[in-house]
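Take a look at the structure set out below.
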Amino acid sequence: MSASGPRPRVAIVGAGPAGAFAAAHLLAGTGGPEVDLFERLPTPWGLLRGGVAPDHHEIKRLDRSFDRDVLDRPHCRFFGNVEVGTDISHSDLVRHYTAVVYAIGAQTDKSLGIPGEDLPGSLPATDFVGWYNGHPDRRELAPDLSGERAVVIGNGNVAADVARMLTLDAGELERTDVADHALEALRQSSIAEVVVLGRRGPAQAAFTSAELRELGHLDGVDLRIDPAEVELDPVSEEWLASEGTFTARRNLELLREFADRAPGPDATRRIELRFLRSPVEVLGSARVEGVKVRPNRIERDDDGSLRARPLDEEPEMIECGLLLRSVGYQAVPLPDVPFDERRYVLPNQLGRVFDPSSGETVPGVYAVGWIKRGPTGILGTNKRDAQETVACLEKDLEAGVLARPANPRREQIDGLLAETVPQMVTAEGWRSIDELERERGLREERPRVKLASLEELLSAGDTR
Amino acid sequence: MTYVIAGSCIKDDVCIEVCPVDCIHPKPGDPDFETAEQLYIDPEICIDCDACVEVCPVDAIFADHETPSKYDYALDLNAQFFAERAASP
Ligand SMILES: Cc1cc2nc3c(=O)[nH]c(=O)nc-3n(C[C@H](O)[C@H](O)[C@H](O)COP(=O)(O)OP(=O)(O)OC[C@H]3O[C@@H](n4cnc5c(N)ncnc54)[C@H](O)[C@@H]3O)c2cc1C
Ligand SMILES: NC(=O)c1ccc[n+]([C@@H]2O[C@H](COP(=O)([O-])OP(=O)(O)OC[C@H]3O[C@@H](n4cnc5c(N)ncnc54)[C@H](OP(=O)(O)O)[C@@H]3O)[C@@H](O)[C@H]2O)c1
Ligand code: SF4
Ligand code: SF4
C-alpha cells in the first residue's frame with residue numbers, strides 16, 4: 001500500500017465472525033486501511049452472541065479476541081444499529097468507501113416445503129435459537145412449551161443444540177448467559193421428550209461427534225436410540241469403509257454405545273434419535289398436534305452422493321406440541337447487490353463479487369463468511385475464508401484498480417449517518433453494554449446477563 | 001504426558017502457528033482438514049511446552065492430567081486420530 005496519502009477506507013457490513021475476522025486481518029498491520037464495521041444490531045459478533053448455545057460458554061469467549069483484534073485497534077469504528085439496505089443503501093456505501101465487504105450471514109431459515117409448516121407451534125430452529133440467545137428480534141417468540149413432546153427435524157449441530165437446550169437441567173441453564181425470558185420459560189417447560197429425526201441414516205448425520213457425545217451425557221436426560229436404527233444398510237456400510245470421515249466413524253461408535261445403554265434410573269427427560277425419516281405433513285387444526293413422517297432408504301446417486309429415497313410404506317404420525325425444523329439457514333438478498341438465487345449467496349470468486357448477468361466483477365465489492373460460501377462451517381472456517389477475501393481486496397488496492405469514492409472523507413459518512421440513523425451505537429456504546437451485562441452476570445454467577453430488548457440495548461449503548 | 005484438544009475447538013489454527021514441534025494436525029491444505037471437526041495433538045511428539053494453551057482463544061487445550069472430567073475422552077480421541085491417520089493409505 002502506498003505510504004503517502006490518506007488511508008483507503010473500507011466498510012464491512014455485518015459484524016459477525018466473518019466480518020470480525022476480515023476486519024482483524026485488515027487492521028493487523030500498521031499501514032492498512034481504516035475499517036468501519038456496520039451492524040444492524042446494537043451488539044457485534046453475530047452468531048457468536050446470537051447462535052452459539054449458551055451452555056457452550058468457552059466458545060463464546062472468542063468475543064474477547066474479537067474485541068481485542070477489531071474494536072480495540074486504531075482505525076476501526078463500530079456503527080451498530082445501522083441496517084444496510086434500510087437505514088443506508090449500498091450506493092451510499094459505494095460513494096463513501098473504496099471497498100465494501102459484505103459479511104451479512106444467512107438471516108433466515110430454509111423451509112421444508114410441506115403442508116402445515118406454518119401452523120402455530122411449528123417454528124424454524126433459527127427463531128428458537130435467537131430467542132434463547134436474546135436476539136432482540138426474537139424476544140416475543142413465546143414458543144409453546146406446554147406439550148410433552150417436541151420434534152426436531154434435521155441432524156446438524158443446530159438440531160443437537162436445540163434438543164439439548166430443550167432438555168438441559170434448569171440448574172445448569174441458570175449458570176449460562178441464556179436470555180432471562182427464555183430461562184423463565186424453559187424452567188416452566190413441560191417438554192419431557194424430544195424426538196430428533198434425520199432424513200438420512202446414522203452414518204450421514206451432520207452432527208460433530210463432540211455435540212453427539214454431549215447429548216449422551218446430559219444430567220437427568222436419557223438418550224434413546226433403538227439398536228435397529230444404527231444397523232447400517234450395505235450402501236452406507238460401504239461408504240463408511242471407503243469414504244467415511246473420522247467424525248462419521250466416531251459418531252457411529254457413539255450411537256451404538258448409546259443404543260446399548262440401559263436407561264438411566266434418575267432420568268426425567270428423554271431425547272430420542274431416529275433416522276431415515278422425512279416429515280411429509282405437519283398436522284393440526286388450530287396449532288401443531290403432530291407430524292406425519294415417511295420412512296426412507298439410502299441410495300447412491302449418479303453423482304456418487306448418498307440420498308434419502310422414500311419407501312413405499314404408510315407414513316407414521318408422531319404427536320407433538322412443538323415442531324422445530326433445523327434444516328439449515330438461508331441468506332436474504334440485499335437491494336442493489338448481486339445475488340445468486342439458486343445458491344443463496346453473493347456470486348463471487350474468492351470473495352470478489354461479480355454480476356451474474358454479465359459475469360463482470362463489481363469493482364470494490366467483496367463477500368465473506370456465510371453470505372460468500374453458504375450457511376456451513378464452524379467459527380474458524382470464517383477465518384481462512386476472511387484471509388482469502390482480504391487477500392483479494394489488498395491485491396486490488398495495491399494494483400490501484402479501485403476507484404476513489406466520491407465522498408472519501410470520514411466526516412462525509414459521519415454526516416450522512418447523523419442524518420439517517422438517530423440512535424447509532426458506537427464501539428464505546430458496545431463497551432458499556434458489554435460491561436453492564438458482565439456486571440449483572442457477576443452478581444448471579446453467570447458469564448453475563450443479556451439485555452434482550454432493543455430499547456434496553458439502545459439505552460445502555462447510548463454514550464452521547 | 002501430553003497436551004490434548006477438547007471438542008470446543010473452533011479450528012482457527014492459532015495453536016498450529018505457535019507449536020514448536022509441529023504436532024497439531026490436520027493443517028489447512030491437508031486432505032482431511034476440511035472434514036475435521038477439531039484439531040488434534042499428536043501425543044508422541046508433543047513436548048508439553050504450553051505455548052498452544054496460551055494462544056487458544058476458547059481455552060480448548062489442556063495438559064492431559066488437568067483435563068476437566070467432561071473431556072475425559074479427549075486423550076484417547078487425540079491419540080486415535082493419529083493412529084487412524086497412520087493406518088490409512
Ligand atoms: C445455532 C448455531 C450455533 C453455532 N455454534 C457454533 C459453535 O458452537 N462453534 C462453532 O465453531 N461454530 C458454531 N456455529 C457456526 C458459526 O456461528 C458460523 O460459522 C458463523 O457465525 C458465520 O459467520 P458470519 O459472520 O458469516 O454470519 P453471522 O454470524 O450470521 O453474522 C452476520 C452479521 O451480519 C449482520 N447483518 C445482517 N444483515 C445486515 C445488514 N443488512 N446490515 C448490517 N448488518 C447486517 C447480522 O446481524 C450479523 O451480526 C453455529 C451456528 C449456528 C447457526
Ligand atoms: N458446536 C458446533 O460446532 C456447532 C453448533 C451449531 C452449528 N454449527 C455449524 O453451523 C453450521 C450450520 O448448522 P446446521 O445444523 O444449520 O446445518 P447442517 O450441518 O448443514 O445440517 C442440516 C441438517 O438438516 C438436514 N436437512 C436439510 N434439508 C432437509 C429436509 N428438507 N428434510 C429433512 N432434513 C433436512 C440435513 O440433512 P442431509 O445431510 O440429509 O442434507 C442435515 O442433517 C454447520 O456447519 C454446523 O457444524 C456448529
Ligand atoms: S504443548 Fe507445545 S508441543 Fe505440545 S501441542 Fe502445545 S505447542 Fe505443541
Ligand atoms: S487455538 Fe484452540 S480453538 Fe484454535 S485451533 Fe487450536 S485448539 Fe482449536
Side-chain angles (χ1 to χ4, degrees), chain A residues 17 20-21 24 47-48 52-53 55-69 156-157 160 172 205-219 241-251 253-254 257 373 376-388, chain B residues 4-19 24-42 52-62 66-89:
Chain A
F21 281 122
L47 288 168
L48 180 62
V52 172
D55 60 329
H56 287 170
H57 40 79
E58 299 101 331
I59 295 175
K60 299 233 185 210
R61 285 183 207 150
L62 183 63
D63 62 2
R64 298 174 305 189
S65 310
F66 285 162
D67 281 320
R68 183 195 62 210
D69 298 343
N157 278 340
E172 199 157 326
F207 310 123
T208 50
S209 57
E211 286 252 356
L212 181 58
R213 188 178 291 106
E214 249 185 304
L215 285 187
H217 293 100
L218 298 174
D219 279 344
S242 59
E243 297 161 58
T245 58
F246 185 67
T247 287
R249 289 191 290 276
R250 296 299 79 73
N251 278 356
E253 281 168 12
L254 284 167
E257 176 195 325
R373 52 170 216 278
T376 60
I378 62 174
L379 290 158
T381 317
N382 303 296
K383 181 183 168 191
R384 289 172 292 275
D385 184 335
Q387 274 161 344
E388 183 180 79
Chain B
V4 301
I5 303 182
S8 50
C9 167
I10 59 160
K11 241 174 93 179
D12 69 348
D13 336 325
V14 179
C15 51
I16 293 182
E17 287 159 29
V18 300
C19 177
I24 306 177
H25 297 272
K27 298 208 281 190
D30 288 350
D32 49 356
F33 181 80
E34 283 311 321
T35 60
E37 67 177 78
Q38 63 161 91
L39 303 186
Y40 306 91
I41 293 175
D42 189 339
C52 53
V53 175
E54 310 256 312
V55 296
C56 177
V58 296
D59 307 324
I61 313 181
F62 303 91
E66 285 168 3
T67 309
S69 60
K70 68 171 175 173
Y71 299 133
D72 272 348
Y73 66 87
L75 179 59
D76 288 344
L77 187 71
N78 279 246
Q80 190 174 16
F81 176 79
F82 293 95
E84 289 195 8
R85 214 180 191 213
S88 76

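In what follows, chains are A, B, ... by sequence order, proteins preceding strands, each numbered from 1.
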**OP:** May I ask you to say whether B:Asp72 pairs ionically with A:Arg213, meaning some side-chain N is under 4.0 Å from a carboxylate O?
**Re:** no
Subject >> B:Lys70 with A:Glu172: basic N within carboxylate O range, under 4.0 Å >> reply: no
Original post:
Can a donor-acceptor pair be found between the side chains of B:Glu37 and A:Thr247 at a distance below 3.5 Å?
Top reply: yes
**OP:** Please test B:Arg85 against A:Phe246 for side chain to side chain contact (heavy atoms under 4.5 Å, CB included), starting from the C-alpha separation and ending with a verdict.
**Re:** CA-CA 9 Å; B:Arg85 214 180 191 213; A:Phe246 185 67; over 6 Å; no
Original post:
Which answer fits B:Gln80, side chain, backbone, both or neither, if we ask what part of it has an atom under 4.5 Å from a heavy atom of chain A?
Top reply: both
Subject >> chain A contacts, top residue of B:Ile10, B:Leu77, B:Asp12 (heavy-atom pairs, under 4.5 Å) >> reply: B:Ile10
Subject >> Spatial distance of atom CD (B:Glu84) from atom CZ (A:Arg250) [nearest 0.5 Å] >> reply: 4.0 Å
**OP:** Heavy-atom distances under 4.5 Å only: say whether B:Cys9 touches chain A with side chain, backbone, both or neither.
**Re:** backbone
**OP:** Would you mind checking which part of B:Phe81 comes under 4.5 Å of any heavy atom in chain A, side chain (CB onward), backbone (N, CA, C, O), both or neither?
**Re:** both
Subject >> Interchain contact, A:Glu253 with chain B, by part (heavy-atom threshold 4.5 Å) >> reply: side chain
**OP:** Start with the C-alpha gap between A:Arg384 and B:Phe33, add the side-chain angles, then the distance that decides, and say whether side chain to side chain contact (heavy atoms under 4.5 Å, CB included) holds.
**Re:** CA-CA 12 Å; A:Arg384 289 172 292 275; B:Phe33 181 80; 3.3 Å; yes
Original post:
Between OG1 of A:Thr376 and CD of B:Glu34, what distance do you get to the nearest 0.5 Å?
Top reply: 9.5 Å
Original post:
Closest heavy-atom contact between A:Ile59 and B:Ser8?
Top reply: CG1-O, 3.7 Å
